[in-house]
Amino acid sequence: MTGFDLTELLAERGGERYDLHTRHLNHQLPRMLHTIGFDKVYERATGAYFWDSEGQDYLDMLAGFGVMGLGRHHPVVRQALHEVLDAELPDLTRFDCQPLPGLLAEKLLSYAPHLDRVFFGNSGTEAVETALKFARYATGKPRILYCTHAFHGLTTGSLSVNGEDGFRDGFAPLLPDTAVEMGDLAALERELKRGDVAGFVVEPVQGKGVHPTPPGFLRAAQELLHRHKALLIADEVQTGLGRTGDFFAYQHEEGVEPDLVCVAKALSGGYVPVGATLGKDWIFKKVYSSMDRVLVHSASFGSNAQAMAAGLAVLSVLEDERIVANARHTGELLRSRLAALIDKYELLHDVRGRGLMIGIEFGRPTSLALRGRWTMLQAARKGLFAQMVVVPLLQRHRILTQVSGDHLEVIKLIPPLIIGEREVDRFVEAFTAVMDDAHGGGGLMWDFGRTLVKQAVANR
């Protein structure tokens, strides 16, 4: 036995968490959390809730950016990990074929019967990188098309198909890829006619702003791509595994069968990072065309036993507990109750999304008093009003949410897929109270808005 005791270490030094990050990690993270009052100390978590040191519960409507699809510490996933550790499997020998990767691939492919093979990596961005490489090699063409405002990851390849300049600035040169507006089939066809496009990567529901693809767009894009011998790549890293009320979000549109599908996040069960790229047989056979190319694309930790066990357990829970149906039903309930508030609040302009991926958009009010306050915020930095809503939801109502993207007046809700009517009631009641405060000229809320304005001006 060694002298290492994790429980003792956390008890002794856990209180240093923000100082440790400031000194040794991304120093802007604790600074940002302190500024907006998110510098909480959470001590434990289960399902859709956190608890702080005083025993107060917090409702999680963020789910670790979608990772915690089953909530935190689901007992089935936890038990599977105990079992795989206790089994002492000969993991990652690199020169054998363990059963768990094959079993997880088989199960994943059962949800996408038009696809044939899987590559396992460690994250969503790796899943996208794999798809980009496979599309280029399989088609012999260099260029990938993507949507403006898209998010596909932050490694260099996936960053090249990231539609936000804020993420791309300072990291050039990137790959020579091209953005088109989501829904613009004419622009897509113009680029395809150049003859050098390997594929088009798209989120069926765009994470930034929560924008579903327009009806019929994916099917029409698929037909255009195949006519020009290019591939449709569906990025389901956040939308997959039931998030939108179908197992994959592209399944909302009849006849859509992507050539490559990227998944990650919720497949981990919130425990062991895992990413997967599903694809057609002919694509994989082109990439791995001979024994000389057997390791032409691989990942050191890909297909590890813990990740595979977590993934198998997650898929089992999705079926046994009817998680996808719950996401559809609860998402519709939450979205309809929020949409009913649009006529009540002039600052609330739209509620959209699919399943438990919902965007709440705010916009310019009509009344003179509110318009003046709104203009003050917009002049300093777009997106500050949404932040003004997010902060009291946490501070006063103990609900964790996020602004959907930089310079956006949109809150994104991506809670664990296990939530039900109790959580819907809690969120809608809290959101209503915050909006009442905003429309009533609530001093605390608009005082905080002025603080945000000062901070935004100072950061220029």
Side-chain angles (χ1 to χ4, degrees), residues 2 4 6 24-26 63-70 72-74 76-109 115 117-135 137 151-161 233 235-238 240-241 260-279 283-284 287-288 291 293-317:
T2 69
F4 178 70
L6 180 62
H24 304 304
L25 298 167
N26 179 351
F65 298 136
V67 169
M68 303 294 178
L70 299 183
R72 284 169 168 76
H73 306 300
H74 193 285
V76 173
V77 184
R78 184 170 178 154
Q79 179 62 30
L81 290 172
H82 280 295
E83 290 174 3
V84 77
L85 289 170
D86 291 343
E88 297 183 342
L89 297 176
D91 197 18
L92 297 179
T93 68
R94 311 318 320 187
F95 291 99
D96 75 341
C97 291
Q98 288 290 309
L100 291 179
L103 291 169
L104 181 55
E106 179 182 69
K107 190 65 178 175
L108 268 176
L109 291 166
L115 300 177
R117 297 182 183 274
V118 181
F119 174 85
F120 287 114
N122 307 285
S123 66
T125 195
E126 281 189 38
V128 171
E129 295 277 357
T130 299
L132 300 183
K133 287 180 67 177
F134 282 28
Y137 194 87
F151 185 93
H152 299 291
L154 296 175
T155 50
T156 302
S158 59
L159 187 60
S160 301
V161 292
I233 304 167
D235 181 346
E236 296 267 4
V237 169
Q238 187 165 101
L241 276 70
L260 293 160
V261 176
C262 306
V263 298
K265 288 190 182 289
L267 188 61
S268 68
Y271 280 102
V272 186
V274 60
T277 306
L278 290 64
I283 298 173
F284 275 68
V287 173
Y288 300 109
M291 284 193 290
R293 292 180 58 81
V294 68
L295 295 177
V296 71
H297 185 73
S298 61
S300 294
F301 292 99
S303 299
N304 73 80
Q306 289 82 11
M308 301 297 97
L312 283 163
V314 166
L315 297 182
S316 176
V317 171

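What you see is a predicted model; the values in this text were computed from it and never measured.
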Between [X] and [Y], which heavy-atom pair has the shortest distance, and what is it?
X	Y	answer
Thr277	Ala127	OG1-O, 2.8 Å
Val77	Gly269	CG1-CA, 4.2 Å
Ala80	Ala313	CB-CB, 3.8 Å

Expected output: side-chain [X] to main-chain [Y] donor-acceptor under 3.5 Å:
X	Y	result
Ser160	Thr156	yes
Gln238	Phe65	yes
Arg72	Gly270	no

side-chain hydrogen bond (donor to acceptor under 3.5 Å, both in side chains) partners of residues 299-317, not counting sequence neighbours, each pair once
Ser316-Asp320
Among all residues two or more places apart in sequence or in another chain, which pass the ring-ring contact (aromatic ring centres under 6.0 Å, His included) test with Phe119?
His297
Got Thr130 and Leu260 here, is their nearest side-chain heavy-atom distance under 4.5 Å?
no
Which residues pass the side chain to side chain donor-acceptor pair (under 3.5 Å) test with Tyr271, sequence neighbours left out?
His73
Rounded to the nearest 0.5 Å, what separates atom [atom1] in [X] from atom [atom2] in [Y]?
X	Y	atom1	atom2	result
Leu315	Leu103	CG	CG	11.5 Å
Leu108	Arg117	CG	CZ	15.0 Å
Phe120	Leu278	CZ	CG	7.5 Å

For Glu126, enumerate each residue passing the side-chain contact (heavy atoms from CB on, under 4.5 Å) test, keeping only those at least two apart in sequence or located in another chain.
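Expected list: Asn122, Ser123, Ala299.
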Once side-chain contact (heavy atoms from CB on, under 4.5 Å) is applied, do any residues pair with Thr155, and if so which ones, sequence neighbours excluded?
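For Thr155 the side-chain contact (heavy atoms from CB on, under 4.5 Å) partners, ignoring immediate neighbours, are Thr125, Glu129, Ser158.
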Show me the donor-acceptor pairs within less than 3.5 Å that the side chains of residues 81-91 make with the rest of the protein, sequence neighbours left out.
unit_1: Glu83; atom_1: OE2; unit_2: Gln79; atom_2: NE2; d: 3.1
unit_1: Asp91; atom_1: OD1; unit_2: Ala305; atom_2: N; d: 3.2
unit_1: Asp91; atom_1: OD2; unit_2: Ala305; atom_2: N; d: 2.9

Are more than 12 heavy atoms, taken from residues, nucleotides or ligands other than Tyr288, located less than 6.0 Å from that residue's OH atom?
yes
